[in-house]
Amino acid sequence: MPTVQDSGGGYPLPALRFALLNWYQQQGRDLPWRHSRDPYAIWVSEIMLQQTQVATVIPYYQRWLATFPTLPDLAAAELETVLKLWQGLGYYARARHLHRAAQQIMTHHAGEFPRSYEAVVALPGIGRSTAGAILSAAFNQPQPILDGNVKRVLARLYGLTVPPKQAEAQLWQWSAQLLCPQSPRDFNQALMDLGATICTPRHPLCHACPWQHHCLAHRHQLTHEIPRKMSRSPLPHKKIGVAVIWNATGQILIDRRPPTGLLGGLWEFPGGKIEPNETVQECIQREIREELGIEIRVGEHLIDIDHAYTHFRVTLHVYYCQHLSGTPQPLECDAIRWVTPEELEQFPFPKANTAIIQAIHERGRPTA
DNA sequence: AAAGCGTGGCT
DNA sequence: TAGCCAAGCTT
């Protein structure tokens, strides 16, 4: 007795493949990295595209290739330069891994991007799906992929009734089994295009889908229920006191975050979490004493900023401060610098901090 | 193996 | 406004 999950529509694989490839030939997207067969360029695009939409990636991709045209160019760059180029794209570990992987390829692979799955998936920042995407796109190797688009397409095609997270092995098997052995490059790209343009999360365009008559979700009118979602707990909300500390010569104190973890390697304005029964001013004074070992006077309010990360949301309460005494030390960070407002542009800052920089330029030096 | 890790767009 | 979602990987 076939269930909704394992019947697969009952169509022969070649018919499914042909329908998709034919659609892709006519309706596939024209994307910058598809003009290249350079594994380095394709690798860069695939890393940028992790959890990130095409429209966001394109300008970053163009700037990246203009700045680092080849893999050795990237390997030879400073991490700071790499992070500055990545600024605003998020998930900054991707940039750190890209940089480190380039250096590993220089030393372990003579500067040539490796062609074996084992060697590629061993590189930092490259998992199973990204390895498959690179190897199929660059070398036309028959390696399956499984990103968000493919998960959604396959979940609907095969009528998957549990959340995709609970059926990873099954989804990988479907992706591998479906993959066209003659045209793995085009097939994988087609699968992603189908998910991005037709089989979308909210309003799928089933009438224009080459798999409309093969799709179990469509047949059973379950398109809007699949893929099933996992329930999430609400995001905690943190209140943060932030100091823009000025010295007597009109410079501002910034610090670099530790090299790993949240926003690792990026610069920021110092501060920290407001404890219960603590005013913002008290928090800022305490945090600066703990983090930098200096005394300050908390002055005028600059700006409040709301920002949402993946796992929590924050409100930054930003105040101008005056340096009173002590030499700042990197007690809880990686490095410290006094810089002029103009010099702030040279450093990689997270998004929530760029609004602070903007406000500094508008307000100027403290009046008192 | 479950949690951590950014940001922009849309509802 | 707050939540959801998007070409996942690492620890």
Side-chain angles (χ1 to χ4, degrees), chain A residues 28-29 31-34 42-61 83 86-98 100-101 120-137 143-154 163-166 168-169 171-172 175 185 188-197 199-204 224 227-237 257-266 268 305-315 348-355:
Chain A
R29 294 174 293 180
L31 302 173
W33 40 90
R34 288 187 183 160
I42 289 166
W43 169 40
V44 170
S45 77
E46 290 299 337
I47 299 300
M48 288 184 170
L49 286 161
Q50 289 170 359
Q51 303 291 101
T52 310
Q53 297 187 346
V54 164
T56 305
V57 164
I58 287 176
Y60 282 89
Y61 174 80
L83 286 172
W86 200 272
Q87 175 177 316
L89 200 52
Y91 286 131
Y92 298 93
R94 293 183 293 172
R96 304 195 299 267
H97 289 150
L98 208 40
R100 186 149 55 89
V120 170
V121 82
L123 293 167
I126 300 182
R128 193 169 168 186
S129 186
T130 300
I134 296 170
L135 289 171
S136 61
Q143 300 285 353
I145 57 172
L146 192 61
D147 58 25
N149 284 319
V150 178
K151 282 178 186 172
R152 188 173 55 257
V153 169
L154 297 182
K165 200 169 196 59
Q166 295 175 20
E168 289 271 323
L171 286 161
W172 271 110
S175 180
R185 171 189 290 127
N188 280 344
Q189 298 298 318
L191 209 45
M192 291 191 281
D193 276 17
L194 189 68
T197 65
C199 196
T200 53
R202 304 262 171 94
H203 306 291
H224 294 277
R228 251 204 61 195
K229 298 155 188 72
M230 305 272 280
S231 61
R232 296 184 191 179
S233 49
L235 304 180
H237 191 153
R257 298 175 61 90
T260 60
L262 182 67
L263 306 170
L266 273 69
E268 65 176 4
I305 295 163
D306 285 308
H307 191 78
Y309 295 95
T310 309
H311 283 74
F312 60 94
R313 90 179 29 249
V314 294
T315 302
F349 280 91
K351 178 62 172 52
N353 278 248
T354 60

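Labels below follow one simple rule: chain letters A, B, ... track the order of the sequence lines, proteins then strands, and each chain is numbered from 1.
Set against C:dC9, B:dG8, C:dA7, the side chain of A:Gln50 has C:dC9 as its closest nucleotide. In the set C:dA7, B:dG8, B:dT7, B:dG8 carries the atom at the smallest distance from any side-chain atom of A:Gln53. Nearest to the side chain of A:Arg202, among B:dT11, B:dG6, C:dA2, sits B:dT11. Picking from C:dC5, C:dC9, C:dA6 the nucleotide with the shortest atom distance to the side chain of A:Ser129 gives C:dC9. Picking from C:dC9, C:dA6, C:dA7 the nucleotide with the shortest atom distance to the side chain of A:Pro201 gives C:dA6.
Heavy atoms of A:Ile134 sit nowhere under 4.0 angstrom from any nucleic acid atom. No contact: A:Ala55 has no heavy atom under 4.0 Å from any strand. The residue A:Ile126 sits close only to the backbone: its heavy atoms come under 4.0 Å of sugar-phosphate atoms, none of a base. Nucleic acid contact for A:Leu235: none, since no nucleic acid atom lies under 4.0 Å from a heavy atom of the residue. A:Trp33 comes within 4.0 angstrom of a base, heavy atoms only. Using a 4.0 Å heavy-atom cutoff across all strands shown, A:Gly88 reaches sugar-phosphate atoms only and no base atom. Contact annotation for A:Thr130: backbone-only contact, meaning every heavy-atom pair under 4.0 Å involves sugar-phosphate atoms and none involves a base.
Here A:Tyr309 and A:His307 bring their ring centres to under 6.0 angstrom of each other.
The P atoms of B:dA3 and C:dA7 are separated by 23 Å, rounded to the nearest whole Å.
Phosphate contact (OP1/OP2 of C:dA7, side-chain N/O of A:Arg152, threshold under 4.0 Å): present. When the side-chain nitrogen and oxygen atoms of A:Gln51 are compared with OP1 and OP2 of C:dG8, one or more of them lie within a distance under 4.0 Å. An OP1 or OP2 oxygen of B:dT7 is reached within less than 4.0 angstrom by a side-chain nitrogen or oxygen of A:Tyr92. At least one side-chain nitrogen or oxygen of A:His307 sits closer than 4.0 Å to the OP1 or OP2 atom of B:dT7. A:Lys229 has no side-chain polar atom (N or O) that falls below the 4.0 Å cut-off from OP1 or OP2 of C:dC4.
Donor-acceptor pairing under 3.5 Å, judged by distance alone, is absent between the side chain of A:Arg94 and the base of C:dA7. With hydrogens and angles left out, the side chain of A:Thr56 and the base of B:dG9 share no donor-acceptor pair within 3.5 Å.
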